[in-house]
Amino acid sequence: MTSTTTEKSRVVTADDLAALRGEVRAFLRDEIDDAAFVPDVDSWMTGFDPGFSRRLGERGWVGMTMPTEYGGHGRTPVERFVVTEELLAHGAPVAAHWIADRQMAPGILANGTDEQKQRYLPGIASGTTFFAIGMSEPDAGSDLAAVRTRAVDNGDTWTITGTKVWTTGAHLAHAMVLLARTDGHPDDRQQGLSQLVVDLPHPDIEIRPIRSIDGQAHFNEVIFHDAVVDKSALLGERGRGWAQVMGELAFERSGPERYLSTMPLLRVWARELRESGATPEQRVTLGTLTAAAWALRGMSLQVADELSAGRKPDVLAAMVKDLGSTFEGDLVTAVRNASGVVARREGGTPLERLLAQSVLHTPAFTLRGGTNEILRGIVARGLGIR
């Protein structure tokens with residue numbers, strides 16, 4: 001991992017990163033030893049633990065790249081990457097603050113008013129303010145531009161009508177960044193879209209849980225029944241919502257969560273092989289999976305470097321998400337076949353439990369954050385072949 005320099009000439013050396021990694025690992029070992037959490041797969045989606053997020057905030061490991069004037073720590077994307085990588089690999093419960101820290105903080109920093117920054121960013125940095133994203137809509141599939149939710153300008157307020165779906169954590173969030181149509185009609189596609197920051201809960205916003213196959217309800221359908229919000233809810237420029245969302249998606253699609261969701265499963269299996277011995281075939285499987293993860297890590301780090309330099313690596317981010325989410329599912333299949341264990345949700349060994357979780361979560365890997373087919377279209381356009 002190379003040195004990184006921010007616009008404020010903050011130089012981070014390999015030794016600095018190694019020290020930070022060691023500090024995070026020690027903290028996580030203590031948390032696990034104290035039974036503060038049990039490692040899970042997909043913990044950035046399902047591991048909602050406000051106390052854990054607050055403890056991370058107290059150590060400066062949330063809002064790491066945010067400016068200090070808003071409660072952040074002015075650190076580099078690569079430093080944040082190191083912390084994120086360790087949290088995911090250990091299966092830590094980071095879902096409470098995840099969306100706010102990963103995606104909404106950069107969006108508010110780039111497009112928000114000073115009032116919005118002062119209102120939301122300090123809470124994000126402390127790990128105590130949680131966000132949801134209001135993008136996907138019923139019957140639209142992965143067609144994000146097919147937005148029918150409408151925000152009508154009343155002069156000093158907006159009236160919002162419509163429905164969002166697959167909205168992670170909306171039932172627990174303090175606010176939502178909503179993509180809505182403020183001008184034109186649905187046939188205008190990307191034109192006429194705007195973003196608004198909507199505080200939750202709201203008397204005219206109905207949040208209905210959607211249960212996954214594992215029985216959990218971290219997804220939601222969110223219905224806006226002529227919900228009135230203040231005019232100041234507008235985030236950025238009216239009509240530039242599509243461009244703003246595209247800028248945010250690089251943060252959503254390129255992070256290590258796109259290939260590390262099932263890493264706790266691989267770590268537990270590797271530990272069992274180390275303790276009980278491995279067949280030649282199991283060694284090949286473990287080595288192949290490790291090499292693939294290492295390659296994806298390099299790609300994700302490159303995105304972090306691009307973001308640090310102020311560039312917009314949309315195509316590379318789409319590639320990371322496509323390849324990474326495919327790898328997550330391939331890892332589950334490979335470990336299941338090579339280990340020979342039976343997946344057990346209850347009463348089993350750590351390997352059996354994590355395998356059971358992984359099997360149930362695998363179908364979502366290539367859907368969330370944009371289906372792989374959509375992402376491949378983005379890559380094709382970026383390469384000039386579509």
Side-chain angles (χ1 to χ4, degrees), residues 45 99 103-104 107 111 131-153 158-170 173 175-198 200 202 204-210 212 218-227 229 233-254 258 312 314-315 317-318 321-322 325 363-382 386:
M45 284 287 290
I99 290 172
Q103 192 167 351
M104 296 300 90
N111 304 303
F131 269 76
I133 306 173
M135 289 189 188
S136 300
E137 297 197 356
D139 304 320
S142 289
D143 187 4
L144 184 59
V147 173
R148 292 178 294 179
T149 296
R150 181 170 292 276
V152 176
D153 186 354
W158 299 94
T159 298
I160 306 171
T161 306
T163 303
K164 296 294 180 177
V165 75
W166 309 121
T167 311
T168 305
M176 170 192 289
V177 173
L178 173 73
L179 182 65
R181 188 165 296 285
T182 52
D183 302 280
H185 48 81
D187 290 342
D188 292 332
R189 305 288 293 165
Q190 294 95 337
Q191 305 301 315
L193 298 177
S194 303
Q195 286 185 300
L196 297 96
V197 185
V198 179
L200 297 173
H202 187 290
D204 297 316
I205 299 177
E206 180 182 1
I207 299 176
R208 298 177 179 175
I210 299 173
S212 304
H218 50 271
F219 292 126
N220 298 274
E221 181 181 38
V222 182
I223 305 169
F224 296 82
H225 298 287
D226 294 332
V229 299
L234 181 67
L235 178 63
E237 295 182 34
R238 179 170 177 168
R240 290 200 70 252
W242 182 261
Q244 292 173 193
V245 164
M246 290 300 103
E248 293 167 10
L249 285 177
F251 294 95
E252 177 179 351
R253 291 172 171 167
S254 64
R258 295 307 178 185
K312 295 182 178 180
D314 299 345
V315 174
K321 198 279 179 184
D322 178 9
S325 59
F365 292 160
T366 59
L367 298 177
R368 61 195 186 194
T371 66
N372 285 18
E373 291 77 11
I374 293 293
L375 296 171
R376 289 165 191 170
I378 293 172
V379 173
R381 284 193 297 272
R386 179 180 175 181

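All values below were derived from every heavy atom in this structure, side-chain atoms included, with hydrogens, water molecules and symmetry-related copies excluded.
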Can you measure from [atom1] ([X]) to [atom2] ([Y]) and round to the nearest 0.5 angstrom?
X      : Y      : atom1 : atom2 : value
Ile160 : Arg181 : CD1   : CZ    : 14.5 Å
Thr182 : Asp153 : OG1   : CG    : 8.5 Å
Met176 : Gln195 : CE    : CD    : 12.5 Å
Met45  : Phe365 : CE    : CZ    : 9.5 Å
Arg376 : Arg381 : CZ    : CZ    : 14.0 Å
Asp322 : Glu373 : CG    : CD    : 8.5 Å

### Message
Checking Gln190 against Met246 for the side chain to side chain contact (heavy atoms under 4.5 Å, CB included) test, could you report, in this order, the C-alpha distance in whole Å, the side-chain angles of both residues, the deciding distance, and whether it holds?
### Response
CA-CA 11 Å; Gln190 294 95 337; Met246 290 300 103; over 6 Å; no
### Task
Begin from the C-alpha positions of Arg150 and Phe224 and carry the test side chain to side chain contact (heavy atoms under 4.5 Å, CB included) through to its verdict.
CA-CA 9 Å; Arg150 181 170 292 276; Phe224 296 82; over 6 Å; no
Student check: side-chain heavy atoms of [X] and [Y] closer than 4.5 Å:
X      : Y      : answer
Thr371 : Lys321 : no
Phe219 : Thr168 : yes
Ile133 : Glu248 : no
Val177 : Gln103 : no
Phe131 : Val197 : yes
Leu179 : Leu144 : yes

### Task
Taking Glu137 for its side chain and Thr149 for its backbone only, find out whether a donor-acceptor pair lies under 3.5 Å.
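At least one qualifying donor-acceptor pair exists.
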### Query
Where the side chain of Arg148 meets the backbone of Pro138, is there a donor-acceptor pair that is under 3.5 Å apart?
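Yes, because the side chain of Arg148 sits within donor-acceptor range (under 3.5 Å) of the backbone of Pro138.
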### Query
Going through the checks in order, is the side chain to side chain contact (heavy atoms under 4.5 Å, CB included) test met by Ile210 and Val165?
CA-CA 9 Å; Ile210 299 173; Val165 75; 3.8 Å; yes
Smallest separation among heavy atoms of [X] and [Y], with atom names:
X      : Y      : value
Val379 : Ala318 : CG2-CB, 4.0 Å
Ala151 : Leu196 : CB-CD1, 4.1 Å
Arg189 : Ala146 : NH1-N, 3.9 Å
Pro209 : Asn220 : CA-OD1, 3.5 Å
Ala170 : Ala132 : CA-CB, 3.8 Å
Gln244 : Gly236 : OE1-CA, 3.4 Å

### Task
Apply the test side chain to side chain contact (heavy atoms under 4.5 Å, CB included) to residues Ile205 and Val198: give CA-CA distance (whole Å), side-chain angles for both, the deciding distance (0.1 Å), then the verdict.
CA-CA 10 Å; Ile205 299 177; Val198 179; 3.5 Å; yes
## Note on the structure
With sequence neighbours left out, the residues meeting side chain to side chain contact (heavy atoms under 4.5 Å, CB included) with Leu234 are Trp158, Ser194, Arg238
